Amino acid sequence: MARINLDHIRHAYGPNPKKPSDYSLKEVHHEWNDGGAYALLGPSGCGKTTLLNIISGLLQPSEGKILFDGKDVTNLSTQERNIAQVFQFPVIYDTMTVYDNLAFPLRNRRVPETEVDRRVTEILEMIGLSDRAKKKAQGLTADQKQKISLGRGLVRSDVSAILFDEPLTVIDPHMKWVLRSQLKRLHKQFGFTMVYVTHDQTEALTFADKVVVMYDGEIVQIGTPAELFEKPKHTFVGYFIGSPGMNVLPAKIDGSSVDLDGQKVNLSFAPKFAAGAKMELGIRPEFVRLGREGMPVVISKVEDIGRQKIVRATFANKPIAIVVHEDGEIPAEPKITFDPNAINIYADSWRVGGEA
Amino acid sequence: MEKTWNNKAWFMVLPVLVLVAFSAVIPLMTVVNYSVQDTFGNNQFFWAGTDWFIQVLQSDRFWDALTRNLIFSGIILAIEIPLGILIALNMPKTGLGVPFCLVFMSLPLLIPWNVVGTIWQVFGRVDIGLLGYTLDAIGIPYNYVNNVFDAWVTLIVMDIWHWTSLVVLLCYAGLVSIPDAYYQAAKIDGASRWAVFRYIQLPKMKRVLLIAFLLRFMDSFMIYTEPFVVTGGGPGNATTFLSIDLVKTAIGQFDLGPAAALSLIYFLIILLLSWIFYTVMTNSDAQS
Ligand SMILES: Nc1ncnc2c1ncn2[C@@H]1O[C@H](COP(=O)(O)OP(=O)(O)OP(=O)(O)O)[C@@H](O)[C@H]1O
Ligand SMILES: [Mg+2]
């Protein structure tokens with residue numbers, strides 16, 4: 001149980017990194033609260049596993065420091081940091097039984113055998129493998145192996161933090177749901193700091209207090225699910241979170257008025273930005289109103305996804321998605337307006353504030 | 001798609017069958033033929049039945065040679081397998097050291113048996129050999145020609161020098177196939193060096209070790225060239241292994257019947273022992 005500080009961490013796998021693109025992890029500076037549940041979300045290759053390995057000490061960062069509860073642990077070994085980590089690819093010890101696999105991290109730390117038995121039995125129950133406890137781990141199926149891998153991460157109750165690297169990828173949806181709620185329960189009960197890597201945004205959004213979005217070796221935004229939804233700091237977050245993602249339209253900005261290829265939109269604020277920056281307007285499909293008033297669009301397709309309809313259209317020569325309630329009507333001469341509070345302005349892909 | 005059934009495939013395997021017939025089956029049957037007949041020359045043969053087999057199995061000479069073989073194989077396996085594992089564990093997994101180590105390790109394997117024998121024969125000589133002369137000079141009595149212990153030590157050291165590399169290379173192949181994630185997980189789980197070896201490396205090396213074990217067993221059990229070159233089976237009969245005994249019987253004394261019987265028995269022993277090792281080792285694998 002620890003507060004984790006990442007102090008200007010950078011990492012490059014190759015020697016002598018020079019340009020920013022040599023770094024697999026570019027400048028991560030962040031504090032993870034003690035007992036927080038964080039979901040780490042991002043596309044493949046953005047550096048999620050690298051970041052976890054740096055926290056757990058499997059990897060030494062090229063630059064920067066790591067602090068646990070204010071104490072510098074950068075040069076401490078994985079064992080001394082006392083971290084549990086569940087790997088992306090399940091690792092099991094073939095020659096051991098399922099029971100011994102789970103007991104392994106405890107026995108290595110000389111935990112008394114009665115305590116080992118108590119913990120292992122509990123975890124076996126949780127992952128639903130009690131009936132196989134005495135079987136060799138060798139012949140198990142992929143999802144059973146992943147469960148053992150997960151179980152080994154959870155079996156120690158005194159860890160500083162548990163890092164999960166996509167621990168549930170091959171588990172079927174129902175079991176996934178069960179395990180996820182078990183994890184939540186364990187987290188509440190023991191209060192360990194938890195970092196959970198996933199590709200699956202619903203998993204991230206339902207699971208964590210804070211979602212960390214990574215993109216191309218950087219943390220682009222950390223926030224509550226609502227913040228990520230309403231005020232994406234980077235166009236990537238807007239596009240990555242939400243389904244369909246945020247509409248991002250090239251814009252010309254003059255004071256508080258926005259020109260979208262001929263269509264004018266007025267803002268409630270005048271964005272501040274450096275001259276020459278690439279300006280864009282972002283609006284979530286949920287906040288585009290379709291009706292008889294406003295700016296004209298040409299509808300190309302309507303997708304019915306149950307309680308909502310997704311309207312695909314062309315607006316100002318750009319594709320745009322609009323979410324309409326299932327019995328919302330689609331007029332013959334469709335026009336759209338934007339909810340003024342839901343408009344975000346981006347300069348060079350980063351959100352600019354309206355305070356100025 | 002409908003499967004077509006005809007006998008064309010037999011033509012495809014025919015060349016192999018012919019090859020195997022000439023290289024293995026026919027020579028083997030010739031040996032079988034000799035082993036059950038007697039001859040006094042002139043190409044006249046008499047049926048001898050199992051006489052030769054009984055004669056071989058009842059001779060002390062056979063049992064003594066067999067015992068020597070078993071002791072020799074036992075000793076070199078007990079040394080080469082652990083030593084090979086140890087060296088493989090300490091070889092670099094990445095970097096410039098890898099090709100260097102691999103080439104270095106392969107060198108002894110490239111040297112023919114009789115050359116190895118000759119090298120050591122000269123190396124160990126007390127009058128001109130570097131090893132023999134040096135040992136003698138620093139006061140350690142060493143003479144493989146008339147001391148039984150020295151002869152054995154020479155043969156064993158020579159075999160280790162020649163063949164440990166094979167075990168090393170096989171083990172190394174097993175080791176490099178272990179994904180990094182296993183070592184990472186072991187670190188997270190707080191595993192000791194020994195636990196990493198016992199639960200990760202050894203299980204992954206098991207298959208190649210089985211192969212290494214069988215190869216080294218069969219090969220050492222058939223040892224011929226090196227003792228022939230270095231000690232000639234001596235001093236006395238101290239290093240007369242089955243193969244040397246066989247050649248003495250067949251070519252030295254031209255007793256074709258007993259020699260044929262001996263080679264069949266020899267062949268069956270190797271087959272039997274290899275089969276036993278294989279079954280025991282694979283069974284311990286399957287037990288769960
Ligand atoms: N051992 C390594 N050596 C060199 N480069 C590496 C190594 N591991 C990862 N990388 C590179 O670092 C970058 C980040 O990789 P990382 O594994 O952290 O991504 P990830 O976000 O975990 O991706 P995924 O979702 O596919 O698991 C990638 O470009 C990858 O190619
Ligand atoms: Mg990864």
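Lettering of chains follows the sequences in order, A, B, ..., and the numbering in each one begins at 1. These numbers were taken from a predicted model, which means no experiment stands behind them. Below, each value reflects all heavy atoms present in this structure, side chains not excepted, and no hydrogens, waters or symmetry copies.
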So for atom [atom1], which belongs to [X], do other residues, nucleotides or ligands contribute more than 12 heavy atoms lying within a distance under 6.0 Å?
{"X": "B/Trp161", "atom1": "CH2", "result": "yes"}
{"X": "A/Tyr13", "atom1": "OH", "result": "yes"}
{"X": "B/Tyr183", "atom1": "OH", "result": "yes"}
{"X": "A/Glu125", "atom1": "CD", "result": "no"}
{"X": "B/Leu272", "atom1": "CG", "result": "yes"}
{"X": "B/Arg193", "atom1": "CZ", "result": "yes"}

query: When rounded to the nearest 0.5 angstrom, what distance separates NZ in B/Lys187 from CG in A/Asn53?
result: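 CG of A/Asn53 is found 9.5 Å from NZ of B/Lys187.
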
- request: With rounding to the nearest 0.5 Å, note down the distance linking CG in B/Asp180 to CZ in A/Phe89.
  value: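 Rounded to the nearest 0.5 Å, the CG-CZ separation comes out at 12.0 Å.
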
query: Can any side-chain N or O of A/Arg109 pair as donor or acceptor with the backbone N or O of B/Asp189 at less than 3.5 Å?
result: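 Checked: pair present.
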
Heavy-atom proximity to chain A below 4.5 Å, by part of B/Ile200: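 For B/Ile200, side-chain heavy atoms alone lie under 4.5 Å from chain A.
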
field: Closest-packed option against chain B by number of heavy-atom pairs under 4.5 Å, given A/Arg107, A/Gln79, A/Arg81, A/Arg156
entry: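 Most pairs with chain B among the choices: A/Gln79.
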
task: Heavy atoms only, distances under 4.5 angstrom: which of A/Val91, A/Thr95, A/Val155 has the most pairs with chain B? Name it, please.
output: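 The option with the most such pairs is A/Val91.
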
- request: Please report the shortest heavy-atom distance between B/Gln184 and A/Leu58, naming the atom on each side.
  value: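 Here B/Gln184 and A/Leu58 meet closest at CB-CD1, 3.7 Å.
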
message: Testing the basics here: between A/Ala84 and B/Ile188, what is the closest heavy-atom pair and its distance to 0.1 Å?
response: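 Taking every non-hydrogen atom into account, CA-CG2, 4.0 Å.
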
message: Let's test your reading of the structure: which of B/Pro179, B/Ala186, B/Gly190 forms the most heavy-atom pairs below 4.5 Å with chain A?
response: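 Sorted descending by pairs with chain A, the first entry is B/Gly190.
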
message: Please confirm whether the ring centroid of A/Phe104 lies under 6.0 Å from the ring centroid of B/Tyr199.
response: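 Yes, they do, as the ring centres are separated by less than 6.0 Å.
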
- request: Examine whether an atom of A/Leu106 lies under 4.5 Å from a heavy atom of chain B, and if so say whether it belongs to the side chain, the backbone or both; otherwise answer neither.
  value: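 For A/Leu106, there is no contact with chain B at all, as no heavy atom is under 4.5 Å.
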
